[in-house]
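Chain letters run A, B, ... following the sequence lines, proteins first and then strands; every chain starts at 1.
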Protein chains: 2
Amino acid sequence: MTVASIASATLTPRERHARPSTRKKLDRLLMKAAALIADKGFAAMTMRDLGAALDMSLAGLYHYFANKEDLLFQLQYRTFSALLGQQETIAAQPGTPEEQLGRLLTGHLQFFARHTHELKACTFELESLGGAHYRVIEEIRRRYYRMLTSVITQVIRGPTGAARATRQDRHATLFVFGMLNWIFMWYDRTRHGPVEQIGVEMCDLILHGLEHRRRHAGGREAHPRLDDAYQRR
Amino acid sequence: MTVASIASATLTPRERHARPSTRKKLDRLLMKAAALIADKGFAAMTMRDLGAALDMSLAGLYHYFANKEDLLFQLQYRTFSALLGQQETIAAQPGTPEEQLGRLLTGHLQFFARHTHELKACTFELESLGGAHYRVIEEIRRRYYRMLTSVITQVIRGPTGAARATRQDRHATLFVFGMLNWIFMWYDRTRHGPVEQIGVEMCDLILHGLEHRRRHAGGREAHPRLDDAYQRR
DNA sequence: TCCAATTTCGAACGGACGTTCGATATACTT
DNA sequence: AAGTATATCGAACGTCCGTTCGAAATTGGA
């Protein structure tokens, strides 16, 4: 999924009637804003920062955004909608629950790799949104959560029937989201390799646990010692 | 571990010669600051907020802190030192690697339950610290990471010998930290039950994975449907 | 080419921020 | 009771913030 497809995936009524050049510029603004927010946090990013980074006047920004929070909402709305759309497409494809889980993990991580800054702003700045905007984004997140819960429940109970998720199924889902979302804190492609490999390891841990590895240990380290530190900076 | 023991666990030279009443007040300040930071983020918390929450003048705060960032550093330093101290004590006790992992997870979650606000400020505001302070806290975190990596490596390789952690061991450790740290985003005692139960479920997932549950499924839900939403607010 | 819609901008406003300073009040030691 | 260290405070400073406004420049279609 390209950057442009994020933009075209979800459009507000105002955007739909806008000229292509306007949409293109809006994309550029949101992308740069995402980079700044990912770097310093939404509260610490200033509109002056953004204007300077875009070689644009401060007042000019307000032609595209009603206010600072509206900027964050637009960024979160289109990014999360694109992620959810991608993952729902993946989940609709046939396969065993285990296969689906693996594809969903890989899909999420690939989206992360392609849109690191945007997804980070979505993942960590939900609480910076005010009431109405908050609820809109929360509903998208909830749909994603329910989708993954459903798959995880099927992994445990088998694909037959539509068993309701138990409390422990929901907890397991939250654990999985923790693994996925924490990746912002440590992942560095040059140190940890491609995200597809991370996805395989994560899926293995979730499905079989650590003890499963013990029985298959030995000669597993293809690229030894490329990642020493646990956190980049 | 009580709140007071967090304070006495690690003292700066200035604190060591301070009167007990001073230390007590400093505790109160840091605790309230942690609550505000956990709620709105460090950048959004203002010194005026903190003064008002403590019924204290703005200028009065600067008798205890050189500046705003020094406040964050003191909070992170003593909180993280207390957590690391507790976890190192736990890790020093005998037992199989599996038992040690379980005890460490429970210990971390219990610390989280007792010091939610402080630990949240530590977990999510590392990047708000400047160079020198950043490195001090980073080193504490690194020690914690290495300790858990060692245990996880032993779970996979068995307790004999001191095998160096492979790349995949380190990745698994980062996954585990993700599960642990993401709990700030969803946990609510009234919805999800005591943290000890969460610890057991987390340990089960890490050790045996989801498929292990399939074989033991049935009649597992003691307290059904107490947690519907995935996120509180 | 002309016109209307779109886009950009400089300048400014009011407010909130972190921090400082000198003075005053309180607590502990002797 | 005196004296010293500790604690608290009101008021202010300079800076930076989000946002606004009217005017100027630019663009795209007829």
Side-chain angles (χ1 to χ4, degrees), chain A residues 7 11-33 36-37 39-75 121 125 128-131 133, chain B residues 7 11-33 36-37 39-75 121 125 128-131 133:
Chain A
L11 296 176
T12 63
R14 183 179 181 276
E15 287 180 82
R16 227 182 306 275
H17 305 319
R19 297 175 186 169
S21 70
T22 304
R23 281 216 286 264
K24 202 134 188 169
K25 174 123 199 188
L26 185 57
D27 278 4
R28 215 174 68 89
L29 302 197
L30 287 178
M31 189 115 30
K32 199 48 137 179
L36 292 178
I37 293 171
D39 189 44
K40 354 167 40 164
F42 178 70
M45 180 206 78
T46 74
M47 298 299 275
R48 285 171 177 82
D49 283 342
L50 183 57
L54 290 160
D55 266 316
M56 198 175 168
S57 79
L58 175 59
L61 294 174
Y62 283 85
H63 179 68
Y64 296 90
F65 312 109
N67 49 52
K68 193 186 174 190
E69 196 223 301
D70 174 58
L71 182 157
L72 181 63
F73 173 72
Q74 287 193 42
L75 177 62
E125 299 289 355
S128 298
L129 290 176
H133 284 163
Chain B
L11 298 175
T12 63
R14 183 177 180 276
E15 287 179 82
R16 228 184 307 275
H17 305 320
R19 297 174 186 167
S21 70
T22 304
R23 281 213 289 262
K24 202 133 189 173
K25 173 122 200 187
L26 184 58
D27 278 4
R28 214 173 71 88
L29 302 197
L30 287 178
M31 190 114 32
K32 197 52 138 177
L36 291 177
I37 294 170
D39 189 44
K40 353 167 40 165
F42 178 69
M45 180 207 78
T46 73
M47 297 300 273
R48 284 171 176 83
D49 283 342
L50 183 56
L54 290 160
D55 266 315
M56 199 175 164
S57 79
L58 175 61
L61 294 174
Y62 284 85
H63 179 68
Y64 295 90
F65 312 110
N67 49 52
K68 192 187 175 189
E69 195 222 302
D70 174 58
L71 181 156
L72 181 63
F73 173 71
Q74 287 193 41
L75 177 62
E125 298 292 353
S128 299
L129 291 176
H133 284 163

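Residues B:Phe65 and B:Leu30 are in side-chain contact: their nearest non-hydrogen atoms beyond the backbone lie under 4.5 Å apart. Using a 4.5 Å heavy-atom cutoff, the side chains of B:Gln74 and B:Leu26 are in contact. Under the 4.5 Å side-chain criterion, counting only non-hydrogen atoms from C-beta, B:Leu29 is in contact with B:Lys25.
Legend: salt bridge (Lys or Arg N to Asp or Glu O under 4.0 Å) pairs involving residues 56-73 of chain B, not counting sequence neighbours: none detected. Within the structure, salt bridge (Lys or Arg N to Asp or Glu O under 4.0 Å) contacts touching residues 57-67 of chain A (residues at least two apart or in different chains) do not occur. The side chain to side chain donor-acceptor pair (under 3.5 Å) pairs that include a residue from residues 53-62 of chain B number zero, where partners must be two or more places apart or lie in different chains.
In this entry the distance linking CE of B:Met56 with P of D:dG10 reads 12 Å, nearest Å. Atom P of nucleotide D:dT8 and atom CZ of B:Phe65 are separated by 11 Å, given to the nearest angstrom. Atom NE2 in B:His63 sits roughly 16 Å away from atom C1' in C:dT19 (whole-Å rounding). Between the P atom of D:dG28 and the NZ atom of A:Lys24 lies a distance of 13 Å, rounded to the nearest Å. Between the P atom of C:dT7 and the CG atom of A:Leu29 lies a distance of 11 Å, rounded to the nearest Å. Atom CG in A:Leu26 sits roughly 14 Å away from atom C1' in C:dT6 (whole-Å rounding).
OP1 or OP2 of C:dT8 lies within a sub-4.0 Å distance of a side-chain N or O belonging to A:Lys25.
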The contact string for nucleotides 23-30 of chain C, one letter per nucleotide 5' to 3', using protein heavy atoms under 4.0 Å with B, S and - for base, sugar-phosphate only and none, comes out as -----S--
Check: protein-nucleotides 14-19 of chain D nitrogen or oxygen pairs below 3.5 Å:
| from | atom 1 | to | atom 2 | distance (Å) |
| --- | --- | --- | --- | --- |
| D:dG18 | OP1 | A:Met45 | O | 3.4 |
| D:dG18 | OP1 | A:Lys68 | NZ | 3.0 |
| D:dG18 | OP2 | A:Met47 | N | 3.0 |
| D:dG18 | N7 | A:Arg48 | NH1 | 2.8 |
| D:dG18 | O6 | A:Arg48 | NH2 | 2.8 |
| D:dT19 | OP2 | A:Tyr62 | OH | 2.9 |
| D:dT19 | OP2 | A:Lys68 | N | 2.8 |

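Judged as a side chain to side chain donor-acceptor pair (under 3.5 Å), and not counting sequence neighbours, the contacts of B:Thr46 are B:Asp49. Take B:Ala53 and apply the side-chain contact (heavy atoms from CB on, under 4.5 Å) test, not counting sequence neighbours, and it matches B:Lys32, B:Leu36.
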